[in-house]
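Computation of the quantities below employed the complete heavy-atom set of this structure, encompassing side-chain atoms and omitting hydrogens, waters and symmetry-equivalent molecules. We name chains A, B, ... by the order of the sequence lines, and we start the count at 1 in each one.
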Number of protein chains: 4
Amino acid sequence: MASGTLNKVMLIGHTGDEVKMHYFEGGGCIGRFPLATNEEYVNRTTGERVSNTEWHNIVVRNKAAEVCEKYLNKGDKVYIEGRIKTRKWTDDKGMDRYSTEIQCLDFTFLTPKEQSQGGGAQPQGQMSGVSTPAQQQPAVAKPSQAPDDNDDDLPF
Amino acid sequence: MASGTLNKVMLIGHTGDEVKMHYFEGGGCIGRFPLATNEEYVNRTTGERVSNTEWHNIVVRNKAAEVCEKYLNKGDKVYIEGRIKTRKWTDDKGMDRYSTEIQCLDFTFLTPKEQSQGGGAQPQGQMSGVSTPAQQQPAVAKPSQAPDDNDDDLPF
Amino acid sequence: MASGTLNKVMLIGHTGDEVKMHYFEGGGCIGRFPLATNEEYVNRTTGERVSNTEWHNIVVRNKAAEVCEKYLNKGDKVYIEGRIKTRKWTDDKGMDRYSTEIQCLDFTFLTPKEQSQGGGAQPQGQMSGVSTPAQQQPAVAKPSQAPDDNDDDLPF
Amino acid sequence: MASGTLNKVMLIGHTGDEVKMHYFEGGGCIGRFPLATNEEYVNRTTGERVSNTEWHNIVVRNKAAEVCEKYLNKGDKVYIEGRIKTRKWTDDKGMDRYSTEIQCLDFTFLTPKEQSQGGGAQPQGQMSGVSTPAQQQPAVAKPSQAPDDNDDDLPF
DNA sequence: TTTT
DNA sequence: TTTT
C-alpha cells in the first residue's frame, strides 16, 4: 500500500546572505541561508525580456551546516539537493501560516574558492600543507556516500 | 555574469484530489491538484516509527493540464517534474502572505489505468480500437521533447 | 580549483530479471539487475508510432543489495537513483572494451507488494505483526538519511 | 499497461574538448563533446585520498548543438540534463559493441563568459549593444519551456 | 539476454 | 584521447 514516494529538489543558485547558525542544547545545529535562482524569458506578446528571481530558504544540518558556514560566502554559486518541507506556524493574530523551506541533504560548491568573496570566515592565502582549509574545502558534501575500496576492481 | 541557475523539483506521490481547472479568456488554462509525498523513519531516541506527509500544490498548464484532468484520478501515483515558485499575495488584513507551488513541466503516470479509481472522466472498460482513451493515455508528457527520426542510425 | 561536479542518474523502469548477487570475502556484496525504460514517440515524417526500450545495468551494494534481492521481483517497477560509471576491461582478443553501469545509491519500490510477482523470496500472505516482512518492505532506501527527531519543532 | 518510465541524467562537469559538429543533409546537426565529472573520497582501509574521473559522451542536437559549439570552450563547467542511450554497433571483427552516450536535452553554462578560455568562437571584448553575443549567451537552454506571460498574476 |  |  505505502510503496514509495519521492520528494527531491535540485537547485543551482547564488546565496543571498551568509549562513545563519543556530545551535541546540543536545549538540546539533542548523544553518539557514537564502538562495536565488533566476529565469529569463521573452514575453511572447510584448516581446520584452523578463527576468525573474526566485528565493529559496535553505536549511542545512549539523556537520554540513558547519561546512557551509565556514566556506560559503554571500554571492557564491552552489548546487543544493534536498527536499521540500512546508512548516505550519501560528502568527501573533492566531492565524495559520505556512513557510516552505528546502532541507538540504547534499551540496556542491560551484564558485572556485579563489573567487569567493569571503570575509573572515573564508580561507584565503593560508599556508601550504595537507590540512590547510583550502585543500579541505569540500567540493561535494555527504562523504559517507563515497564508494568504498573495492569500487573499481570488481570481477563481475 | 548571469551564468546559469537551476530550479528543479522531482516528485513521486499520490494525488489528494481531482484536478481543478481554470480557463482563461485567451484560451489558456491551468489545472491544480495536491500531491502527497511520504517519509517514514524511526526516531532514534524514542525508537518509535514516525510517518510524515508532505503536501505539494501542483500547477500545470494548457494542454498538459487537460491531459491531467482527463486521466489523473484522486489517489493516483504520478511522477511530477517542475520548478518551485513562491507567489506573494495580500490577505484581507493587508498582510503579505506567501504561497509555494510546483509549476509542473513534465509528468508521468505511475498508476496503471486499470487500477486508477476513476469516476466519469476515467476511461474504463471502453471498447477496443486504436483510438480508445485507454490507449491514448499518455505515459509521459511533453511529447515535443521526443527524439526525431534520425535518432538511432547516426553514423558517428 | 577542484570545485564541485555532479554525476546523477534517476530512472523509473521495470526490472528485466531477478537480482543476481555476488558475495565478497570481506563480507560485502553487490547485486546486479537490468532495468528497462521506454520511450514512445511518433515519427514526424512517417507518422508511425515508435517504441524504444533502453536497458540499464544496475549495480547495488551491501545492505541495499540484500534488500533488492529480497523484495524486487522480475517485472517490478522501481525508482533508481545513482551515478553513471563506465568500466574498462580487456576482452579475450586483448581489445579495450567499455561497459557502462548505474551504481545505485538510492531506490524506491513502485510496485505495490501485493502485485509483485514474487516467487519464494517475496513476502506474501505472511502472518500479521509489527515485524513481518510485508511491513518491513522498505518504500525508500538509505534510511540513514532520514531526518532526526527535532525535525518539526524548530523555533526558527 | 504502458504506464510511465523515466530516464534522466543530470551532470555538472568540465568539457574535455571542443564541440565536434556533424551536419546532416536534411539540415539537422549534432554536436559531441566529452564531459568529465570527478569524485574524491578517502579509502577507508588505506586512508589514502582517491580521485576518480568519469568521462561522459555528450550528444546535443540542432539549435542547441550550435549554441554549444559557439559558446562552450574546452574546460568550461556546464550543467547537462538528458537521458542515457546505449547504442549497439558492430566492430570490424563483426563483434557486437556498445557505446553509451548522454543525449542532452537541456543545459546551463556555469563558467562565467569572461573566464571561459575561448578561442575565436568565444565572444570576448565585444562592443556593447542589445544584441551582442555576450548578452545573447544563453544561461539556460530550451527556451521553449519558458513560462508565458500570465505567469505571475494568477488570481487563484 | 530481459520489463511494461 | 581529454576537464578541474
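- Across all strands, C:T37 comes closer than 4.0 Å to no nucleic acid atom at all (heavy-atom distances).
- Between the CD atom of C:E101 and the P atom of E:dT2 there is a distance of 21 Å, given to the nearest Å.
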With salt bridge (Lys or Arg N to Asp or Glu O under 4.0 Å) as the test, would you mind laying out the steps for D:R83 and C:E54 before giving the verdict? CA-CA 10 Å; D:R83 66 181 153 225; C:E54 188 69 27; over 6 Å; no
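- Distance CZ (C:R49) to P (E:dT4): 18 Å, rounded to an integer number of Å.
- Residue D:G13 is out of contact with every strand shown, counting any heavy-atom pair closer than 4.0 Å.
- Qualifying side chain to side chain donor-acceptor pair (under 3.5 Å) partners for C:D91, counting only residues two or more places apart in sequence or in other chains: C:R97.
- With rounding to whole Å, D:W55 atom CH2 is found 9 Å from F:dT1 atom C1'.
- Residues C:I102 and C:I84 form a side-chain contact, since some pair of their non-hydrogen atoms from C-beta on lies under 4.5 Å apart.
- If you measure from atom CD of C:E54 to atom C1' of E:dT2, you get 13 Å, rounded to the nearest angstrom.
- Rounded to whole angstrom, the span from the CD atom of D:E18 across to the P atom of F:dT3 amounts to 12 Å.
- Residue C:T53 places a side-chain atom within donor-acceptor reach of the base of E:dT3, judged by atom type and a 3.5 Å distance cut-off alone.
- The D:P34 side chain lies nearest to F:dT2 when the options are F:dT1, F:dT2, E:dT1.
- Here the nucleotide nearest the side chain of C:H14, chosen from F:dT4, E:dT4, F:dT2, is E:dT4.
- Note: NE2 (C:H56) to C1' (E:dT4) measures 13 Å, nearest angstrom.
- Comparing F:dT2, F:dT3, E:dT1 by their closest approach to the side chain of D:A36 singles out F:dT3.
- Qualifying salt bridge (charged side-chain N to carboxylate O under 4.0 Å, His left out) partners for A:K74, counting only residues two or more places apart in sequence or in other chains: none.
- Ionic pairing of D:E69 and D:K20 is not present here: no N-O contact between side-chain nitrogen and carboxylate oxygen is shorter than 4.0 angstrom.
- One atom, CZ of D:R32, and another, P of F:dT1, lie 16 Å apart when rounded to the nearest Å.
- If you measure from atom CG of C:D17 to atom P of E:dT4, you get 12 Å, rounded to the nearest angstrom.
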